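Notes to accompany the following structure.
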Amino acid sequence: MNTFAENLKHSLLSMIDEMEFYELDCFVHNPDKDFKRQRKFTFSSVMRFILSMGSASLGQELLKYFHYNSDFPSVSAFVQQRQKIKPEAFFELFRRFSLKHEEINLFREYRLLAVDGSDISLPLNPSEPFAFPESKCSMLHLNALFDIMSRQYVDAIIQGKHESNETAAIVTMTDRLPDQYPVIIVADRGYENYNFFAHVEERFFDYVVRLRTSKSRSMFAGLKLPDGKPFDITKNIVITRHSTGPYAVDKEKYKYMTKQSRFDFIPDCKHPDYEMLIRFVSFPLNTGEFEVLATSLPESEFPVSVLKEIYNLRWGIETSFRELKHVVGLAAFHTKKADCAMQEIYARLIMYNFSLLIAGKVMIPEQPCRKYRYLINFAQAIRICIEYFRIHNSSPPFDLQALLSRFILPERKGRTYIRKVYPQGAKAFNYRLT
């Protein structure tokens, strides 16, 4: 167990060193000057420190990282050095680490990927374009692609809240996916978009997307599907740039895209129409309401019961956001600047995957007297793994297997609760107790 953790940590640190030695000019704002002089905070040490940061104040984080040595660098020195690094450096590290250490677990021979977005609040900086003075915070929007079965983040795009566009983000992430395995992309309401569906099909992937069932300005409203009834219907949809001709006769089949509407496979009216088959499925929930899904999966292999199972598995990305914000520390930033906040967002994604990989190797012995199957308490595992990463020597001074296996939780399947959503503000700098 310790050997695997040591190798994983060495791999991550080696990637940082390679970026510094071979590609430094690509990841700093001023290649002619940045990190050319000898300082306590080099490019690699800044990267490592940001990866290891928790929710405490910068002063406390520095003390912990440098083991309370009196000659630790000042907060000001760190702030000046971090501003020299582009956010793209952390994204590239996230991409490389995720690709090298991804563990693929398949669902019916498919890779299940969930996409979702989450607003990220940081302390108000009025000079930033992402500021919301009325809410007393600045806001970014994280679009993430999450491997449901392996519980790892695969890709991410960060946008300003004012300019956030979730469907554009998922189109970009879909096009960046490797085609090693067949993929099913699972999404909640808000992602129903013909351009997204077309991009998925062009990659020979599949999708399961929940539709909004509003009576106007929604995909559901324009398809004349039964309302409040179970159904399983496949429709032939034709996307066109022509507002006359067949569209004027059959608006249920033909969907007109204006010049302002994005559909990448028909750039203008000179190109031919685009045809696709979309399966629409409706089924009742325990509340009596009906849920409607759009999918490209065939009925013969994926009946309604399996589609329900696939969509329910999407909840894994919701719980991962909770852990990302309140355990890894994404809810507590150490900056007001958007570029520096993006550094910390990608760093949290890296440490989430790092901790998950280590926790996944912990063996919990089965005991026949137990009523439930037990799992590692991932919240505690994250804190232990980040503390291990913070330690400067490669060998951990503690037994990770023994320590992580002490924090376990029973797996109680089938439990439900009413989701309560509370408004989240930025965590102020002067109220950090940990």
Side-chain angles (χ1 to χ4, degrees), residues 111-118 141-146 154-179 182-214 216-225 233-247 250-281 292-297 310-311 314 317:
R111 190 179 187 189
L112 279 187
L113 300 179
V115 61
D116 206 354
S118 181
H141 190 78
L142 172 63
N143 303 276
L145 200 57
F146 182 77
V154 176
D155 200 353
I157 291 177
I158 303 170
Q159 302 167 324
K161 176 59 178 175
H162 289 296
E163 60 191 26
S164 62
N165 187 325
E166 291 185 331
T167 54
I170 184 54
V171 163
T172 301
M173 291 190 287
T174 299
D175 291 344
R176 294 199 297 220
L177 279 173
D179 54 5
V183 171
I184 300 174
I185 299 178
V186 190
D188 200 5
R189 289 168 294 190
Y191 284 92
E192 61 268 43
N193 180 274
Y194 291 117
N195 189 47
F196 165 44
F197 293 173
H199 274 268
V200 174
E201 293 190 2
E202 289 292 328
R203 294 295 314 277
F204 297 102
F205 296 155
D206 291 285
Y207 56 85
V208 175
V209 179
R210 186 179 178 184
L211 302 186
R212 291 173 292 184
T213 54
S214 58
S216 62
R217 300 183 65 83
S218 69
M219 183 180 292
F220 178 84
L223 292 169
K224 297 182 180 180
L225 294 169
I233 301 171
T234 300
K235 286 182 173 285
N236 184 23
I237 304 296
V238 180
I239 309 300
T240 182
R241 293 285 188 185
H242 301 277
S243 59
T244 58
Y247 167 73
D250 190 355
K251 293 185 178 181
E252 182 181 350
K253 177 180 179 180
Y254 287 84
K255 302 302 174 185
Y256 170 60
M257 296 288 172
T258 65
K259 293 180 180 179
Q260 292 74 30
S261 300
R262 179 179 174 182
F263 192 82
D264 298 330
F265 303 99
I266 311 179
D268 52 50
C269 60
K270 296 179 181 179
H271 287 74
D273 296 343
Y274 190 95
E275 188 171 352
M276 62 176 73
L277 284 175
I278 304 177
R279 180 183 169 201
F280 299 95
V281 175
V292 181
L293 302 178
T295 181
S296 57
L297 295 169
I310 291 173
Y311 183 75
R314 191 202 68 86
I317 193 173

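Throughout, residue positions are numbered sequentially from 1 according to the sequence presented. This is a predicted model, so every value here is computed, not measured.
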Item checked: Minimal non-hydrogen separation, M276 against N236, with atom names -> O-OD1, 3.5 Å
Check: With side chains defined as the heavy atoms from C-beta onward, is the minimum distance between D250 and V238 less than 4.5 Å?
Finding: no
Checklist line | Flag for N143-Q159: side-chain donor and acceptor within less than 3.5 Å | finding: yes
Next item on the list: Quick one: closest heavy-atom pair of I239 and I266, and the distance?
Entry: O-CD1, 3.2 Å
Next item on the list: Measure the CZ-CG distance between F280 and L225 for me, rounded to the nearest 0.5 Å.
Entry: 6.0 Å
Margin query: How close do A294 and I278 get, counting heavy atoms only, and between which atoms?
Written below: CB-CG2, 4.1 Å
Check: Going through the distances and angles, do V115 and T174 end up as a side chain to side chain contact (heavy atoms under 4.5 Å, CB included)?
Finding: CA-CA 10 Å; V115 61; T174 299; over 6 Å; no
Item checked: Verdict with supporting geometry, N165 and R262, side chain to side chain contact (heavy atoms under 4.5 Å, CB included) -> CA-CA 12 Å; N165 187 325; R262 179 179 174 182; over 6 Å; no
Item checked: Distance (rounded to the nearest 0.5 Å) between L223 CG and I233 CD1 -> 9.5 Å
Checklist line | With F205 via ring pair (Phe, Tyr, Trp, His ring centres under 6.0 Å) - residues at least two apart | finding: none
Next item on the list: Sorted by first residue and then second, give each salt bridge (Lys or Arg N to Asp or Glu O under 4.0 Å) pair with at least one member in residues 156-173; sequence neighbours left out.
Entry: D119-K161
Checklist line | Shortest non-hydrogen separation from A114 to R314 and the atoms involved | finding: CB-CG, 4.0 Å
Check: At what distance, to the nearest 0.5 angstrom, does CZ of F146 lie from CG of L112?
Finding: 11.5 Å
Notebook entry, point to check: Excluding sequence neighbours, so at least two apart, what forms salt bridge (Lys or Arg N to Asp or Glu O under 4.0 Å) with K235?
Noted result: E252
Margin query: Tell me if a side-chain donor or acceptor on K255 pairs with a main-chain N or O of Y194 at a distance below 3.5 Å.
Written below: no
Check: Got a second to check how far M257's CE is from D268's CG, nearest 0.5 Å?
Finding: 15.0 Å
Check: Can D264 and V171 be said to form a side chain to side chain contact (heavy atoms under 4.5 Å, CB included), step by step?
Finding: CA-CA 10 Å; D264 298 330; V171 163; 4.2 Å; yes
Checklist line | Contacts of type side-chain hydrogen bond (donor to acceptor under 3.5 Å, both in side chains), residue T213, not counting sequence neighbours | finding: none
Note to self: R241: which residues meet the side-chain hydrogen bond (donor to acceptor under 3.5 Å, both in side chains) condition with it, sequence neighbours left out?
What the structure shows: none
Checklist line | Contacts of type ring pair (Phe, Tyr, Trp, His ring centres under 6.0 Å), residue F196, not counting sequence neighbours | finding: none
Next item on the list: Apply side chain to side chain contact (heavy atoms under 4.5 Å, CB included) to I310 and V186, showing your working.
Entry: CA-CA 8 Å; I310 291 173; V186 190; 3.7 Å; yes
Notebook entry, point to check: Sequence neighbours excluded, which residues qualify as side-chain hydrogen bond (donor to acceptor under 3.5 Å, both in side chains) partners of Y311?
Noted result: D188
Note to self: I'd like to check the ring pair (Phe, Tyr, Trp, His ring centres under 6.0 Å) partners of H162; sequence neighbours left out, ordered by chain and number.
What the structure shows: F132
Next item on the list: With the side chain counted from C-beta on, respond yes when T295 and I184 share a heavy-atom pair under 4.5 Å apart, and no when they do not.
Entry: no
Next item on the list: Tell me, please, which residues at least two apart from H199 pass ring pair (Phe, Tyr, Trp, His ring centres under 6.0 Å).
Entry: F265
Next item on the list: Give me the ring orientation class for F197 and Y207: parallel if the planes are under 30° apart, tilted from 30 to 60°, perpendicular past 60°.
Entry: parallel
Checklist line | Pairing residues for E275 by the salt bridge (Lys or Arg N to Asp or Glu O under 4.0 Å) criterion, not counting sequence neighbours | finding: none
Checklist line | Qualifying salt bridge (Lys or Arg N to Asp or Glu O under 4.0 Å) pairs, either residue in residues 203-212, two or more places apart | finding: E192-R212, R210-E291
Margin query: Which heavy atom of S296 sits nearest to which heavy atom of E201, and what is that distance?
Written below: CB-OE2, 4.0 Å
Check: Residues in side-chain hydrogen bond (donor to acceptor under 3.5 Å, both in side chains) with S164, at least two apart?
Finding: none
Check: Once you round to the nearest 0.5 Å, how far does CG of L145 lie from CD1 of I317?
Finding: 7.0 Å
Note to self: Nearest 0.5 Å, please: how far is CD1 in I185 from CE in M173?
What the structure shows: 8.5 Å
